[in-house]
Every structure is written in structure tokens, then in C-alpha cells.
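Order of listing sets the numbers, starting from 1, for every ligand and every atom in it. All values below were derived from every heavy atom in this structure, side-chain atoms included, with hydrogens, water molecules and symmetry-related copies excluded.
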Amino acid sequence: MSLLIKNGEIVTASERYIADIFCEGETVTRIDRNIAPPAGTEVIDAKGKFVFPGFIDPHVHIYLPFMGTFSKDTYETGSKAALVGGTTTLIEMCCPSRADEALAGFELWMKQAVGKSACDFTFHMGVTKFDGNTEKQLREIVARGISSFKIFLAYKGAFGVDDTELYRTLKLAKELGVIVTAHCENETLVAERCKELLAAGKTDPGQHHESRPPRVEAEGVHHLMTFAELTGAATYIVHLSCQEALNEAIAARQRGVRVAVETLIQYLVLDKSYAERPNFEGAKFVMSPPLRDKRNQEILWNGLRDGLVQTVATDHCPFDFAKQKPMGKDDFTKIPNGIPSLEERINLLYTHGVKMGRLDLRTFVNVASTQVAKLFDLFPRKGAIQPGADADLVVFDPNYRGTISAKTQMMNVDYSAFEGWPIEGRPSVVTVRGEVAVRDGKFVGKIGRGQFLKRAPSHF
Ligand code: URP
Ligand code: ZN
Ligand code: ZN
């Protein structure tokens, strides 16, 4: 089977040029002007459109038992939403509870995905405890194709690790060449502040950000950086939300700590006033770290532009507004944390980043695809348009105009944090390893075609 994408403007992290892309089977095999299609080739005209490498979301929750409930998507709904939004690979957080063994957790997460996903996928392996049995299991998981770990400095008693566990995880990661992704918030400060707020009768969703102000996140980053410095492990700070935390990462980088930074589309376009909306509406916008003062948005956009921030993810974690968020109706600490956005990351990043002049097209591709592939051992199979790369391609129509709504979204959740927001441009055709999975913006792919991507560690 062959596919020819003609006349589009190819945009990668380093180039922009007009050419045709010929794909045989699952792979890009030729890029040239005026390629004549052999008989039987499907031809897609991309004139007037951009052709991007498939986007990669480095931080997604599909299956997540969390705060007494489960995040709502399945691989079927989540991968469809990802593809319609231009994301052809997702990296999910595998998060076993502290009561579970790492290997059993890995197998459970694999079971949710294998045979059920329409897009390719892999996992960051959550290290939620480190006892006498853990090291052997983590070595086995790495041998099965995982090259990144995830640790939480927050969520005491659930996923959070103590300092001994943190140190041992980073030591092992350094030995194995694995990069360690980390949720950075000081859990003691969060726990104490939550108690104080509740005792003062402050129970509404708008208190969530009061319980974990920027310094709480900055302290988490500072703490991780100290451990990274002393172990030499490569680290990646997930969902960084504010200037204070970014400053800690930059200071560590300047003294030689190996650290990459991820921000989220939510932090780039939403601010904490959304979580202060009355009548519990604010619960739709409760996540951790919380949405911040608007001034942080420009800091993060500039960080992306200047290379201080490496990637944009979603931390997609959907909980229904009608039935799940109200678990915290009278106590903000019980609101399931998460703002769904898997489907909207690319359209929002394009609309608010490229169209508003904050990011050029190559940086847009870099932070949402190429840089992710490089950090997580997927490049150049993913994140590139070149002969030999997987034919994961996004034909993007910059002239499309639309409006975001929960009524039309593919994500399995009953609200959109961006309801009524205009978008300028969207993926019109998306391919996964040479097969069309989205046409005219609609999902036409195959559930079960998505592959588990085996990765080999490189961060020695
Ligand atoms: O609020 C969030 N971020 N929910 C998902 C879990 C996590 O911390 O990544
Ligand atoms: Zn987190
Ligand atoms: Zn997360």
C-alpha cells in the first residue's frame, strides 16, 4: 500500500519547504518535487496546507485510578480524540498505587492499551514505591521497552515517594540511562495548607490554588534538582506552571543538572480566575499544579520560544463535571484533579502560539513533536519527516475556522474547559504509519492498529 501527499508545505523542527511525501507501507520512503504516483497509490492533495510530523503528547492519563475514582477515557475514546487533534503517539503515565508491584502495574496498563488503541503509545513507568522487590522489576520493565520513569513528589500516601525512594530511583535511572519524569510539589506544604484552609471554612474550588502556591512547586523542583545533581540522573519536570518553578530549573541547569521542562497547554491559555468561577463551575479547572496568575503565561510562551521550556503536553486527565468533580462539592481537596485537553492541544497551540505570533512554525513542531521524540527515545522514527521515519503525518488546514465544544468532542468527558473558544486551523488528514486515520477532520482509523513503541534508554 502506498500513499502520496502532494504539494504541501512540509514543516519540521528545522525546515520549511514545499514537496511531495511518498510513503510505502508504514514508512516515508521519498521526499521530492513532482513525484508521480505509482498505480494503486492513494493521493492526498495538501496544496495550501502544512504537513507536520505526527504530534506526540508526552504526558497523558487514560487509565488512572485516582482520588477515589477513575479517569474517564479508554484507549478507544482517548486515541480517537488524540488523532482527531493531530496527536499520533501518546505517552501515558503508568501509575500503580503504592500497594501494587511495579511489574503487575506495567502489565495492567499494557492490558488497557494493547489491541485497543488507534494511535501508537508507550508509557513512563511510575515508581510509586522503592522497596526490596522494586529494582529487579524496574530492570525487567526497561528490558521490555520502557526508557523513562515517573515519580511524584506530591500525593502523599497515594503515588508520592519519600526521599530514600527518590534517591534510589534516580541512582538506578542513572545506571540504566533512563530519564526520570517528575511531578514537583512539596507534599507536606500542600497537606498542611489544605488542613488550614479547610479549618477556616474555605472549601470551594478557588481554594485549590491557595493550597499549592508557586513556591510549593518551586520547592518541589528545587528538591528534585538537588537529588538529580547528586546522582547525575537525567530529569524531566512535568507540568511546570510558573516562573518560580522555572527559575529553579534554570538555576539547576546552569550548574550542570540534566533537566528538561514540560509545560501544559492549560497553563499557556488558562489562568487561576477560571478555578474561582462561582457555583462550583471552578471545579472544571482544578488540577495540580494549579492554574496560575495570568502573568505566568507570557513567561511560559517566552520559555518555549527561547528553549528554556522543551515541550508542551496536556496531562490529559478527564473527570466528568456532573458525577465526578462533585466528590469535592464541600471540600476542594476531594475534587478529582485534571483538565481534559488531549484533543485540543495542537489546535490551541497553533491558534494561541503560531497565529498570535508567539511561536514560529518550526518551534511549534519542535515543542509538540520533535523534542518529545528526542527526549523519550523515539527519534527519528517519530518526530521527523524523512525517509525511514514512520509515516505519521498531519496535513493541517490553516484556513479552517471552528469552535470548541463538549458536544462535538471525541474525549469521553461531559465538559470542555475551552467551551465556545474559536480555533484557527486544524488537522484535516492524519496518518498513522502510512494509513489514513483522520479525513476531513473525522476519525476513520482502526481501533487496535496502534502499536506499543519499544524504547531503548539513551540518557547515560
Ligand atoms: O491534576 C492533575 N495533574 N491530574 C493528573 C495527575 C497528575 O498529577 O499528573
Ligand atoms: Zn502530576
Ligand atoms: Zn499527569
Side-chain angles (χ1 to χ4, degrees), residues 57-73 78 82 90-98 109 121-128 148-161 166 180-187 190-191 194 205 207-209 211-212 216-217 220-221 223-224 235-242 245 261-268 270 272 274-275 282-292 311-321 324-325 327-328 332-342 345 372 376 411 413 415 417:
D57 193 333
H59 184 168
V60 174
H61 301 277
I62 301 292
Y63 171 70
L64 186 67
F66 186 45
M67 299 185 75
T69 184
F70 290 82
S71 58
K72 277 227 41 221
D73 268 314
L90 49 87
I91 311 185
E92 194 192 0
M93 299 291 173
C94 170
C95 301
S97 83
R98 280 181 72 84
W109 259 259
F121 59 90
T122 177
F123 301 97
H124 301 300
M125 183 63 219
V127 182
T128 50
S148 46
F149 294 158
K150 167 72 185 288
I151 49 151
F152 292 90
L153 304 188
Y155 306 134
K156 214 174 197 150
F159 303 130
V161 289
L166 172 61
V180 179
T181 72
H183 176 135
C184 296
E185 288 181 297
N186 182 294
E187 60 182 7
V190 172
C194 282
Q207 303 305 321
H208 178 70
H209 53 73
S211 73
R212 40 225 307 162
V216 166
E217 185 182 346
V221 172
H223 195 72
L224 178 76
T235 54
Y236 174 97
I237 297 163
V238 300
H239 52 39
L240 184 136
S241 71
C242 59
V261 170
E262 164 196 286
T263 192
L264 304 182
I265 191 65
Q266 294 93 319
Y267 300 137
L268 290 165
L270 299 169
K272 71 181 192 186
Y274 286 85
K284 291 178 178 172
F285 303 93
V286 166
M287 68 173 300
S288 297
L291 299 176
R292 301 297 189 190
T311 64
V312 178
T314 60
D315 192 11
H316 176 70
C317 196
F319 297 106
D320 272 344
F321 183 60
Q324 293 174 293
K325 292 280 186 181
M327 292 166 71
F332 72 90
T333 67
K334 297 197 167 71
I335 299 169
N337 285 200
I339 304 179
S341 48
L342 178 56
R345 176 181 64 132
V372 181
F376 297 118
M411 299 181 294
V413 61
Y415 77 98

Proximal ligand 1 atoms for Gly338, defined as those under 4.0 Å from one of its heavy atoms: 1 (O)
Nearest heavy-atom neighbours spanning Val312 and Leu264: CG1-C, 4.2 Å
When you look at NZ of Lys334, are more than 12 heavy atoms from neighbouring residues, nucleotides or ligands closer to it than 6.0 Å? no
Evaluate the criterion side chain to side chain contact (heavy atoms under 4.5 Å, CB included) for residue pair Lys150 and Val127; output intermediate values, then yes/no. CA-CA 6 Å; Lys150 167 72 185 288; Val127 182; over 6 Å; no
Check each heavy atom of Asp315 against ligand 1 and say whether those closer than 4.0 Å belong to the side chain, the backbone, both or neither. side chain
Met287 heavy atoms within 4.0 Å reach ligand 1 at atoms 1 (O), 3 (N)
Hey, are Glu187 and Tyr155 close enough side-chain-wise for a donor-acceptor pair under 3.5 Å? no
Listed protein N/O/S atoms, distance to the Zn ion (ligand 2) under 2.8 Å: His183 ND1, His239 NE2
Ligand 1 atoms nearer than 4.0 angstrom to some heavy atom of Ser288 are 1 (O), 2 (C), 3 (N)
Do Phe319 and Phe70 have ring centres separated by under 6.0 Å? no
What residue among His124, His183, His239, His316 forms ring pair (Phe, Tyr, Trp, His ring centres under 6.0 Å) with His59? His239
Side chain, backbone, both or neither: which part of His59 comes within less than 4.0 Å of ligand 1 when only heavy atoms are counted? side chain
Quick one: look up the protein heavy atom nearest atom 4 (N) of ligand 1 and list residue, atom name and how far away it is. Asn337 O, 3.1 Å
Let me see the working for Asp315 and Met287 under side chain to side chain contact (heavy atoms under 4.5 Å, CB included), right down to the final yes or no. CA-CA 9 Å; Asp315 192 11; Met287 68 173 300; 3.6 Å; yes
By number and element, which atoms of ligand 1 are closer than 4.0 Å to a non-hydrogen atom of His239? 8 (O), 9 (O)
Of all N, O or S atoms in His59, identify the one at the shortest distance from the Zn ion (ligand 3). NE2
Positive for side-chain hydrogen bond (donor to acceptor under 3.5 Å, both in side chains) with Ser241, one of Arg212, His209, Glu217: Glu217
Side chain to side chain contact (heavy atoms under 4.5 Å, CB included) between Phe121 and Asp57, worked out: CA-CA 10 Å; Phe121 59 90; Asp57 193 333; over 6 Å; no
Could Lys325 and Asp320 be called an ion pair, given the rule that one side-chain N must be under 4.0 Å from one carboxylate O? no
If you measure every N or O of Tyr155 against every N or O of ligand 1, does any of those distances drop under 3.5 Å? yes
